[in-house]
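Only a predicted model underlies this, so the values are computations on that prediction, with no experimental measurement involved. Residue numbers start at 1 and run along the sequence shown.
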Amino acid sequence: MSDGAAAVEAYLAGFEPSVQERMRRVRAAILAEVPGGEERMRYGIAAVMLGGRYALHYAGWRKHIGLYPVPTLPEPLETEVAPLRSGKDSLVLKHADPLPDELIRRVARAIVEVRRPAG
């Protein structure tokens, strides 16, 4: 386990078990779609890097998990995530709602397409 992954694991371990499980599912969904994704802690929250740049951050909060930054996505994906938007570049996944694992994967996949390094 890299130092970054160990730091992310320590961050996740700080949450109550039900939130830890949700955070680990978010982590797995993102890592499944970010080829060679490298985990780091940034701004006190978990992040996944793509080609040396930060692709996506995720954080646990009292009532939700946040994904940042999530740019405007191609349609029809943007319409699907619109109810989860908080501000122009954040998604809020409320703990009271089922976790949309496949939607998280599709969002991560779309972000990879937008941020893929040239070359």
Side-chain angles (χ1 to χ4, degrees):
M1 184 179 291
S2 72
D3 289 346
V8 169
E9 188 57 38
Y11 170 69
L12 300 180
F15 293 95
E16 65 181 64
S18 64
V19 175
Q20 279 184 40
E21 188 264 336
R22 289 171 67 84
M23 293 283 286
R24 286 191 170 95
R25 285 172 53 195
V26 169
R27 177 190 199 187
I30 294 169
L31 288 172
E33 298 301 331
V34 180
E38 187 178 343
E39 296 183 279
R40 294 268 193 264
M41 290 296 295
R42 187 171 186 224
Y43 305 121
I45 63 174
V48 176
M49 294 178 65
L50 173 64
R53 297 180 56 208
Y54 289 95
L56 197 54
H57 297 73
Y58 59 102
W61 305 102
R62 188 167 49 96
K63 295 185 177 186
H64 71 277
I65 295 170
L67 297 178
Y68 326 92
V70 178
T72 301
L73 300 166
E75 288 297 345
L77 186 55
E78 181 60 35
T79 297
E80 287 183 64
V81 302
L84 305 174
R85 287 262 181 215
S86 175
K88 69 177 187 173
D89 67 352
S90 301
L91 297 185
V92 171
L93 309 169
K94 294 179 183 176
H95 295 314
D97 296 336
L99 193 65
D101 298 81
E102 183 55 32
L103 183 61
I104 296 165
R105 288 176 68 112
R106 290 173 41 228
V107 167
R109 190 177 316 133
I111 289 171
V112 165
E113 291 303 314
V114 169
R115 298 197 178 138
R116 187 178 304 278

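Once rounded to the nearest 0.5 Å, the distance linking CD1 of I104 with OH of Y58 reads 11.0 Å. Atom OH of residue Y43 and atom NE2 of residue H57 lie 6.0 Å apart, to the nearest 0.5 angstrom. R25 contributes atom CZ, which lies 10.5 Å from atom CG of L93 (distance to the nearest 0.5 angstrom). In this structure, the separation between CD on E38 and CG on L31 is 11.0 Å, given to the nearest 0.5 Å. Atom CD of E102 and atom CD of E80 lie 10.0 Å apart (nearest 0.5 Å). One finds the CD atom of E16 at 12.0 Å from the CE atom of M23 (value rounded to the nearest 0.5 Å).
Checked by atom type and distance alone, the side chain of R22 never pairs as donor or acceptor with a backbone atom of H64 at under 3.5 Å.
V92 and L56 fall into different hydrophobic clusters, defined by Ile, Leu, Val, Met, Phe, Trp and Tyr side-chain heavy atoms under 4.5 Å apart, directly or through other members. Put simply, Y11 and L67 are part of the same group of oily side chains (I, L, V, M, F, W, Y) that touch within less than 4.5 Å, one to the next.
Of all the heavy atoms in A108 and E33, the pair that sits closest is CB-CB, 3.8 Å. In plain terms, the two heavy atoms of R27 and A5 that are nearest each other are NH2-O, 3.4 Å. Taking both residues in full, the closest heavy atoms of F15 and Q20 are given as O-NE2, 2.6 Å, listed atom of the first, atom of the second, then distance. The two residues L77 and A110 come nearest to each other via the heavy atoms CD2-CB, 3.8 Å. H95 approaches W61 most closely through the heavy-atom pair NE2-O, 3.0 Å.
We find that E78 and R85 are joined by a salt bridge, their nearest charged nitrogen and carboxylate oxygen being less than 4.0 Å apart. Electrostatic pairing of R109 and E113 does not count as a salt bridge here, judged by no charged N lying under 4.0 Å from a carboxylate O.
Two residues are said to be in side-chain contact when any heavy atoms from C-beta on lie closer than 4.5 Å; I65 and L91 fail this criterion. Using a 4.5 Å cut-off on side-chain heavy atoms (C-beta onward), V81 and V70 make no contact.
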Notebook entry, point to check: Can you list the steps and then say if L50 with I111 is a side chain to side chain contact (heavy atoms under 4.5 Å, CB included)?
Noted result: CA-CA 10 Å; L50 173 64; I111 289 171; over 6 Å; no
Next item on the list: In sequence, state the C-alpha distance, the side-chain angles, and the governing distance for V19 and L12, and then conclude on side chain to side chain contact (heavy atoms under 4.5 Å, CB included).
Entry: CA-CA 8 Å; V19 175; L12 300 180; over 6 Å; no
